[in-house]
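Here is the structure we will look at, set down as structure tokens.
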Protein chains: 2
Amino acid sequence: MSEELSERSRLILQAIIEDYTSTGEPVGSRTLSRRIGINLSPASVRNVMADLEDLGYLFSPHTSAGRIPTDKGYRFYVASLLQVQQLSPEVREHLQQESNFRELDTEGLLREAGRILSAISNYTGLVMVPRFTSTVFRRIEFVRLAATRVLVVFITQTGIVQHKMVEVREPLTQGELDEATNYLNQEFSGLSIQEVKSRIATEMAREQALFDNLQGRALLLSSYVLQHDLGGQVFVEGASNIFEQPEFADLSTMKRLLRTFDQKTLLVELLDKAQQVEGVQILIGSADNHSEIEGCSLVTSCYSSHRGTTGILGVIGPTRMPYAMVIPLVDYAATLVSDILNSESE
Amino acid sequence: MSEELSERSRLILQAIIEDYTSTGEPVGSRTLSRRIGINLSPASVRNVMADLEDLGYLFSPHTSAGRIPTDKGYRFYVASLLQVQQLSPEVREHLQQESNFRELDTEGLLREAGRILSAISNYTGLVMVPRFTSTVFRRIEFVRLAATRVLVVFITQTGIVQHKMVEVREPLTQGELDEATNYLNQEFSGLSIQEVKSRIATEMAREQALFDNLQGRALLLSSYVLQHDLGGQVFVEGASNIFEQPEFADLSTMKRLLRTFDQKTLLVELLDKAQQVEGVQILIGSADNHSEIEGCSLVTSCYSSHRGTTGILGVIGPTRMPYAMVIPLVDYAATLVSDILNSESE
DNA sequence: GTTGGCACTCTTCTTGGATGAGTGCTAATG
DNA sequence: CATTAGCACTCATCCAAGAAGAGTGCCAAC
């Protein structure tokens with residue numbers, strides 16, 4: 001079984017996918033043979049289709065229906081056949097205009113990016129906040145809420161604010177906390193979280209004696225906070241959008257997907273994986289055994305600031321998706337977000 | 001038309017609602033007459049039902065179906081017939097245990113409260129962050145992201161962290177911002193936002209001369225921030241839960257509701273209104289012209305800290321809801337959250 | 001290799017009758 | 001006079017059977 005497809009097979013596969021993408025209906029040999037660019041009779045088309053089905057690129061839902069691309073078919077299409085369009089100038093402008101990005105803080109910016117991705121694509125936007133490990137520390141702040149309860153506010157170089165509650169063993173005054181704040185900010189500002197972590201470790205080891213004094217306690221406090229990766233938060237924007245798609249008109253599918261959005265753990269997992277690749281990443285179908293997102297595809301791209309902080313954003317929609325349009329959209333959104341992050345912070 | 005219902009009518013209405021609540025099916029005269037506590041023949045029951053229908057408490061979806069309570073019927077039931085149960089000790093314990101509230105910051109606490117409400121009720125949990133006007137100021141922090149971009153971090157007495165980006169006209173150094181921070185924290189900490197606002201106004205009026213110096217700029221900066229009410233954020237938890245209910249098994253209903261959850265504006269509006277009332281508040285059906293949440297009811301209760309800060313939490317579910325169970329649940333959740341907020345901060 | 005023709009399959013839509021739940025009305029009953 | 005039994009009537013739901021339509025696979029002809 002040669003995996004090399006003939007020119008004709010490729011042409012037909014492409015035609016089928018594009019037709020199916022726009023109609024959502026199984027496509028038959030007659031329809032296809034009428035298509036301009038294909039000068040073959042339905043019978044000939046059928047022969048090719050049968051071949052493609054054997055190779056696993058197509059399948060038919062039942063005997064007397066047309067063919068539908070399989071996930072494998074889509075993957076081949078995206079990898080070899082797809083011609084990515086230019087992002088239309090209108091959309092580009094729309095993206096820049098509609099977004100009053102300037103007025104937003106970073107979290108707002110990311111949320112808004114997801115919302116716009118969702119609105120333009122008509123699918124659901126996903127944005128993941130940068131993981132801590134890839135983040136540059138700008139500022140930390142301790143606020144005493146009660147004697148042994150301290151609110152730690154953490155600000156990254158790109159202006160993302162995270163916070164966490166810490167329960168300390170011995171009571172602290174706000175004055176002590178302020179000192180700790182100053183110490184840590186002077187010491188660590190501008191380092192990456194990883195650097196901060198290792199610095200804390202060495203510092204604490206070196207100065208065992210300091211353990212009881214303020215600096216020691218400050219170190220201890222911040223190490224508590226850094227234990228948990230506060231990043232990796234995922235914003236799901238426009239969940240209702242995706243359900244306009246006819247393939248999700250099924251109740252159980254809808255509920256399953258909605259549950260996945262609610263829980264987010266699977267999304268985090270997938271996005272984390274996609275984040276390891278640069279550029280636009282396309283995950284088609286439940287590549288692994290993720291039945292929760294069966295029938296869905298993910299188009300993602302990393303955004304980043306100049307200091308190496310990277311997060312990821314993208315769109316989740318039906319596998320039957322106009323990739324030629326969605327890919328440049330996601331790509332552009334990622335660069336736009338990157339640019340704004342870079343211009344906002346120094 | 002006397003609005004006073006006879007003892008028998010009340011009994012039957014109550015029976016119908018309770019039956020319908022548990023089955024979700026229109027209830028007929030035969031079913032009802034078999035019910036213990038009602039010693040009437042189906043025919044007699046029918047007479048009463050016809051009366052109740054005339055009064056607008058019931059309706060039948062079609063001639064040969066049983067009766068279903070109208071919104072008016074439900075309202076009467078909740079107002080006059082309902083016997084609120086005690087919250088079962090198991091649930092109460094469950095609520096206290098499952099929630100590792102202690103480890104959470106305030107935002108996390110509120111989110112978790114919503115999640116648990118959703119999980120126990122099997123509907124969707126709603127939590128609104130306290131409005132600014134009712135909030136006590138604890139701390140403000142300015143972080144310079146770029147020459148003219150300042151991130152303002154705002155912490156309330158109860159440990160809620162809000163932040164916002166401000167674009168300033170003239171460049172500022174972090175040092176200047178730190179001074180402003182100190183000034184504002186000394187000046188305003190512990191005041192309510194309203195007090196802060198008016199203080200700022202008078203201060204700025206009084207010292208026009210100061211306008212150019214640091215204090216003036218700090219005042220200006222904080223007045224920018226306070227212009228927008230950062231509170232009023234709504235967390236929707238367990239959106240997928242509500243769709244397990246058979247009444248939302250309809251696609252268009254589902255999408256409509258989901259869209260409402262996505263946008264949140266209507267939720268904010270409703271919660272805001274409900275917040276003006278103390279104690280458990282029950283909004284049944286689209287009392288006004290809110291067709292988006294047709295068929296839904298809201299059970300809410302305010303939570304508050306000792307300093308007058310109040311937010312609201314609750315559950316949104318189908319109007320056909322076991323109010324006797326949900327009401328004490330929401331009530332208890334609100335007091336629980338209030339207690340934790342009060343114990344956490346001083 | 002390509003194509004027209006044809007039998008075959010399978011879904012979808014429609015129709016019509018059977019079923020059953022529940023009502024409203026009326027007349028009988030205590 | 002309230003209550004009840006009886007009965008005709010209305011509708012939604014279910015099921016089966018048939019017609020229509022789309023598309024296939026295969027074979028023989030070009």
Side-chain angles (χ1 to χ4, degrees), chain A residues 2 5-13 15-17 19-20 22-70 73 246-247 249-251, chain B residues 2 4-13 15-17 19-20 22-70 73 246-247 249-250:
Chain A
S2 145
L5 290 184
S6 72
E7 188 54 40
R8 172 183 294 179
S9 300
R10 296 160 59 100
L11 195 70
I12 296 223
L13 179 55
I16 290 175
I17 290 184
D19 208 275
Y20 181 65
S22 67
T23 67
E25 299 289 308
V27 9
S29 53
R30 186 191 228 88
T31 326
L32 220 50
S33 83
R34 269 202 294 267
R35 223 182 129 104
I36 48 159
I38 295 181
N39 296 316
L40 291 171
S41 74
S44 307
V45 172
R46 280 205 285 278
N47 287 330
V48 180
M49 283 165 100
D51 294 348
L52 286 170
E53 180 156 10
D54 285 345
L55 290 170
Y57 293 112
L58 299 177
F59 80 101
S60 29
H62 58 266
T63 335
S64 75
R67 300 298 209 296
I68 291 178
T70 60
E247 34 263 275
D250 173 48
L251 267 183
Chain B
S2 147
E4 266 310 317
L5 291 183
S6 70
E7 188 56 39
R8 170 183 294 179
S9 300
R10 297 161 58 103
L11 195 69
I12 296 223
L13 179 56
I16 289 176
I17 290 185
D19 208 273
Y20 181 66
S22 67
T23 67
E25 299 289 307
V27 7
S29 54
R30 187 191 226 87
T31 327
L32 220 52
S33 83
R34 267 202 294 267
R35 221 183 130 103
I36 47 161
I38 297 183
N39 297 315
L40 291 172
S41 74
S44 308
V45 172
R46 280 205 283 280
N47 287 330
V48 180
M49 283 164 101
D51 293 348
L52 286 170
E53 181 157 10
D54 285 345
L55 290 170
Y57 293 112
L58 299 177
F59 80 100
S60 30
H62 58 266
T63 335
S64 74
R67 300 301 211 294
I68 292 179
T70 59
E247 35 262 276
D250 173 46

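This one's a predicted model, so the numbers in the text were calculated from it and none came from an experiment. The chains referred to below are lettered A, B, ... by the order of the sequence lines, with proteins before strands, and numbering in each begins at 1. All heavy atoms count here, side chains included; hydrogens, waters and symmetry mates do not.
- A distance of 15.0 Å separates OH of A:Tyr57 from CD1 of A:Ile12, quoted to the nearest 0.5 Å.
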Using the rule given for side-chain contact (heavy atoms from CB on, under 4.5 Å), can you reason through A:Leu55 versus A:Leu5, listing the C-alpha separation, both sets of side-chain angles and the distance that settles it, and then say yes or no? CA-CA 10 Å; A:Leu55 290 170; A:Leu5 290 184; 3.5 Å; yes
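- Taken residue by residue, residues 58-67 of chain A places heavy atoms nearer than 4.0 Å to DNA chain C at A:His62, A:Thr63, A:Ser64.
- For the pair B:Leu13/B:Leu58, a side-chain contact is recorded, criterion being any heavy-atom separation below 4.5 Å from C-beta on.
- A:Gly37 and A:Leu11 make their closest contact through O-CD2, 3.7 Å (heavy atoms, listed as atom of the first residue, atom of the second, distance).
- Protein atom CD1 of B:Ile68 is 17 Å distant from nucleotide atom P of C:dA21, rounded to whole Å.
- Side chains of B:Ser33 and B:Pro42 form a contact here, defined as non-hydrogen atoms less than 4.5 Å apart.
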For the pair A:Met49 and A:Ile16, evaluate side-chain contact (heavy atoms from CB on, under 4.5 Å) and give the outcome as yes or no after the intermediate values. CA-CA 9 Å; A:Met49 283 165 100; A:Ile16 290 175; 4.0 Å; yes
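- For the residue pair A:Leu251 and B:Ala249, the shortest heavy atom distance occurs at CD1-O, 2.8 Å.
- Put simply, chain B comes within 4.0 Å of DNA chain D, heavy atom to any atom, from D:dT3 to D:dA12, going 5' to 3'.
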Assign a letter to each nucleotide of nucleotides 25-30 of chain C from its 5' end: B, base within under 4.0 Å of a protein heavy atom; S, sugar-phosphate only; -, no contact. B-----
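- Near DNA chain C, meaning a heavy atom under 4.0 Å from it, residues 25-39 of chain B has B:Gly28, B:Ser29 in order of number.
- Each of B:Ser41 and A:Glu53 was matched to the nucleotide of DNA chain D holding its nearest heavy atom; the match closer to the 5' end belongs to B:Ser41.
- With sequence neighbours excluded, no residue forms a salt bridge (charged side-chain N to carboxylate O under 4.0 Å, His left out) with A:Arg46.
- Separation of atoms CG (A:Leu40) and CZ (A:Arg8) is listed at 4.5 Å; rounding is to 0.5 Å.
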B:Arg67 and B:Leu32: side-chain contact (heavy atoms from CB on, under 4.5 Å), yes or no, with the steps? CA-CA 11 Å; B:Arg67 300 301 211 294; B:Leu32 220 52; over 6 Å; no
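- Smallest separation of non-hydrogen atoms from B:Tyr20 and B:Pro69: CD2-CD, 3.6 Å.
- Taking CD1 of A:Ile38 as the reference point, atom OG of A:Ser29 lies at 11.0 Å (rounded to 0.5 Å).
- In this structure, B:Ser22 has no side chain to side chain contact (heavy atoms under 4.5 Å, CB included) partners at least two apart in sequence or on a different chain.
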